[in-house]
2 protein chains.
Amino acid sequence: MATIGDVAQAAGVSRSTASYALSGKRAISADVRRRVEDAVRQLGYTPNAGARALATSQTMVIGLLAQFLEDEFAPAMLQYMLGVSNTARELGYDILLVSDADGTRALRRITDSRMVDGVVLLNVAERDERLPILRSAAQPGALVGLPADCTGVDVFDLDFEEAGRLMVDHLHRLGHREMALVSQPEHVIERGGAYVWRLQNAALEAARARGITLHTVSASSHQPDVGQDLSALLDTYPDVTGLLINNEAAAAALPTVLHQRGLTAPSDLSVVGRYSDEFARTFSLPYSSIESAPDRLGRMAVRQLVRRIEGDVAADEPHVVRFVTPELVDRGSTGVPRPA
Amino acid sequence: MATIGDVAQAAGVSRSTASYALSGKRAISADVRRRVEDAVRQLGYTPNAGARALATSQTMVIGLLAQFLEDEFAPAMLQYMLGVSNTARELGYDILLVSDADGTRALRRITDSRMVDGVVLLNVAERDERLPILRSAAQPGALVGLPADCTGVDVFDLDFEEAGRLMVDHLHRLGHREMALVSQPEHVIERGGAYVWRLQNAALEAARARGITLHTVSASSHQPDVGQDLSALLDTYPDVTGLLINNEAAAAALPTVLHQRGLTAPSDLSVVGRYSDEFARTFSLPYSSIESAPDRLGRMAVRQLVRRIEGDVAADEPHVVRFVTPELVDRGSTGVPRPA
DNA sequence: CTGAAAGCGCTTACAG
DNA sequence: CTGAAAGCGCTTACAG
């Protein structure tokens, strides 16, 4: 493989001149520039990334820490990954994908060894074990998901409180007085999946404030259990007229469940979900939903991360915690409640 | 960050001794080894990956080229990615994830700049534009998917011909005499998704040999179109008693379609799919299916790639083309045909 | 506008 | 069993 030395030799200049001609970091005569460029073309020269990283302390690589947990719905994770990956590439960065079960060790490994210039953490828990490691790392980090302690990192998340209120308000306004909220499995909450109870608590509070009944249930994140959970819910609360779904697997299972029971939305039951538009299309989900905006969140996280990496942000500039305002995408699955 | 120089100084030895003590590549006195190890611990030393890569010409990183094409079903791709990623990690390698729309440029970039020691290509087409680039790269490559020309690369794929025969034979043995095969959209074939017609041609041939009727149709890879395609198929061929599904989106949509039409498998219709067990669980698909084994294929590809990278394979050892034998996972969705 | 030199942090022949 | 030195391929002050 050709090196910058080969290029310099072919162009009849020094290595430093060749380097500067390529980087444009100092004035170069038109003639020399042309000779260098010709040499690059002829030799098929591409800089060695490792050597450049060593010289500049910049790898142009971003670490992406994804975790595929047994009790979460993998296809939903993919969307965040693609949002991060695509934005990174637009900004000139490559992605080191880390899907280790042990995220803490992996995070330490890639930061300590300087494989990455910065890190994006997906699926952040309330007390995420990866955070202390990230804080002590030399590289900046951006999170998708809100932890209890946000010091030292930039944080991006959907405003799940607002999402909960929005779901309740929307159905309340249509006249619903008894609804049920389907959340993730208990262990997601126990593990610190804060978004579950953030949405749930805000929904409960909104329901209380409006004097309406809101039942809350956890449902499995796996088929076919989740279908049975949904069926059980409808059996237990026959007077429910509105369903709020904060569980991707449940949303994917609902069409079949409703079919089996001969129910139609919105005439028998109003339904509002919380998932991405892409997810809705993939699974053909006909329900109005709060857009969870994974691509947008991934994009925001990478943008801010790159700003920090490239020093466009003063080192003492405070870290941000930014929420995406939930928006309801109307797919026509809500209406006035059926007569009692 | 501590360097090997700091470690050497703290241990009172030379840098080379420190390096050898850590690599174990030459005999070291017990005393020195201990002092070096203590220094490493105290300083929290981790080797700089870029520097090591420059010195050894080994990055310990594998490039993973995934493409998320508009007309393919993204969740299915994820499984291959995880198979590759997990196996790589077990073998000590990290994954550089490349999801660029323009796979050729990206491939050239990561190989020319020596960011990776080898490359895994996913979703390989009949005449894949990435292959010429891979062949001229310095690093070895492994494919998941069978191209027309396999020279210079190791290839792993499901035996789609055998899968097609297996599907037809299975239903034929149960007594079915008229079936339909649902394939991917036309443009997947046009783009060179050879697995589509490899399975289809073998199925057609098996049907001819046994004197039975096999209709073939392409269905969309998106909801809700695919559901309509399936409905149209059932309208067009009312005498079909067996359905072969080589299209993940169609498999995911089928339960709803059958429900709508009041059909049950296997009493009204026998169904055999082709997807992974993980996929079946995620989508709660109740159909017997040919296991597509994405995790196993990813694992095989990485294993062989690492053997080449690490030179466990003679440079002149011929490249392999290895097929995974399809196996039918019985989920009880096939039986004798309904009476005419 | 250009060149010679130092340095990034490792590994590994070469010498003893 | 250990050390001094060269080299991997870049970038970037320093000098002119």
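So you know, we letter chains A, B, ... as the sequences are listed, proteins then strands, and number each from 1. All values derive from a computational prediction rather than experimental measurement. Any value given below was found using the heavy atoms of this structure, including those in side chains, with hydrogens, waters and symmetry copies removed.
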* Structure fact -> Its contact letters, B for base, S for sugar-phosphate only and - for none at protein heavy atoms under 4.0 Å, make nucleotides 3-10 of chain D read BB-BBBBB
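- Atom CD of B:Glu129 has 12 or fewer neighbouring heavy atoms from other residues, nucleotides or ligands inside a 6.0 Å radius.
- Under 3.5 Å, the side chains of A:Asp149 and A:Thr151 contain a donor-acceptor pair of N or O atoms.
- For D:dT11, the OP1/OP2 oxygens have no side-chain nitrogen or oxygen of A:Ser23 closer than 4.0 Å.
- With hydrogens and angles ignored, the 3.5 Å screen pairs a side-chain donor or acceptor of B:Thr87 with a backbone N or O of B:Gly83.
- In this structure, the CZ atom of B:Arg34 is 16 Å from the P atom of D:dC1, given to the nearest Å.
- Salt bridge annotation for A:Asp100-A:Arg105: absent, with no cationic side-chain nitrogen under 4.0 angstrom from a carboxylate oxygen.
- The residues A:Arg34 and A:Asp31 are annotated as salt-bridged, a charged nitrogen and a carboxylate oxygen being separated by less than 4.0 angstrom.
- Here the shortest heavy-atom pairing between B:Gly145 and B:Val124 reads O-CB, 3.8 Å.
- OP1 or OP2 of D:dT12 sits under 4.0 Å from a side-chain N or O of A:Lys25.
- Between B:Arg307 and B:Asp154 there is no salt bridge, since no side-chain nitrogen of the basic residue lies less than 4.0 Å from a carboxylate oxygen of the acidic one.
- Here the side chain of B:Asp117 pairs no donor or acceptor atom with the backbone of B:Ile309 at under 3.5 angstrom.
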* Reading DNA chain C 5' to 3', what string of ( ), [ ], | and . shows its pairs, if Watson-Crick and G-U wobble pairs count only when both distances fall under 3.5 Å? -> |||.||||||||.|||
